[in-house]
Amino acid sequence: MVQELAQNAMNFANDSMHTTLCLQYTANEIAMTCVYLSGKYSGIRPVGGKPWIELLGGISVEDLTTISIQILELVQPKKGDGFRDGVGDDT
């Protein structure tokens, strides 16, 4: 499960390099978003029922959403339909 989370986060991070996110946000904010997207994509929920945004700390919901949308707009065809609908839930 941890391997899947890490691999998916790296995939999202690699995909983010095809955007201008690195000019708009810090590497840390992009990395946190990749972990968030990986958790959502893999169906992994934080332990204790805590929301992802609480575990990530240091990123606003607005930035998390904006970065997520930019990455998902790029990878949507590769990751399958409907995934984007879950972004923002349970943050």
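No experiment lies behind these values; they were computed from the predicted model shown.
Val61 and Ile30 fall within the same hydrophobic cluster, where Ile, Leu, Val, Met, Phe, Trp and Tyr residues are linked whenever their side-chain heavy atoms come under 4.5 Å apart, directly or through other members.
Thr66 is listed as a side-chain neighbour of Tyr25, based on a closest heavy-atom distance under 4.5 Å. The shortest distance between side-chain heavy atoms of Thr33 and Leu21 does not fall below 4.5 Å.
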**OP:** Start with the C-alpha distance between Ile67 and Leu37, add both sets of side-chain angles, then the distance that settles side chain to side chain contact (heavy atoms under 4.5 Å, CB included), and finish with yes or no.
**Re:** CA-CA 10 Å; Ile67 297 168; Leu37 288 172; over 6 Å; no
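Note that the CD atom of Glu4 and the OG atom of Ser38 stand 7.0 Å from one another [nearest 0.5 Å]. A distance of 10.5 Å separates CD in Glu73 from OG1 in Thr19, rounded to the nearest 0.5 Å. Note that NZ of Lys40 is 7.0 Å distant from CZ of Arg45, once rounded to the nearest 0.5 Å. Remark: Phe12 CZ to Gln7 CD distance equals 11.5 Å, nearest 0.5 Å.
Every side chain to side chain donor-acceptor pair (under 3.5 Å) that Thr26 has, sequence neighbours left out, goes to Glu29.
Considering all non-hydrogen atoms of both residues, Asp63 and Ser60 come closest at N-OG, 3.0 Å. Across Ile71 and Cys34, no two heavy atoms sit closer than the pair CD1-SG, 4.1 Å. Shortest non-hydrogen contact noted between Met32 and Leu56 is SD-O, 3.3 Å. The two residues Ser42 and Asn8 have their closest heavy-atom pair at OG-ND2, 2.7 Å. Across all their heavy atoms, Trp52 and Pro46 have their closest contact at NE1-CD, 3.5 Å. Nearest approach of Ile44 to Leu5, heavy atoms of both residues: CD1-CB, 3.9 Å.
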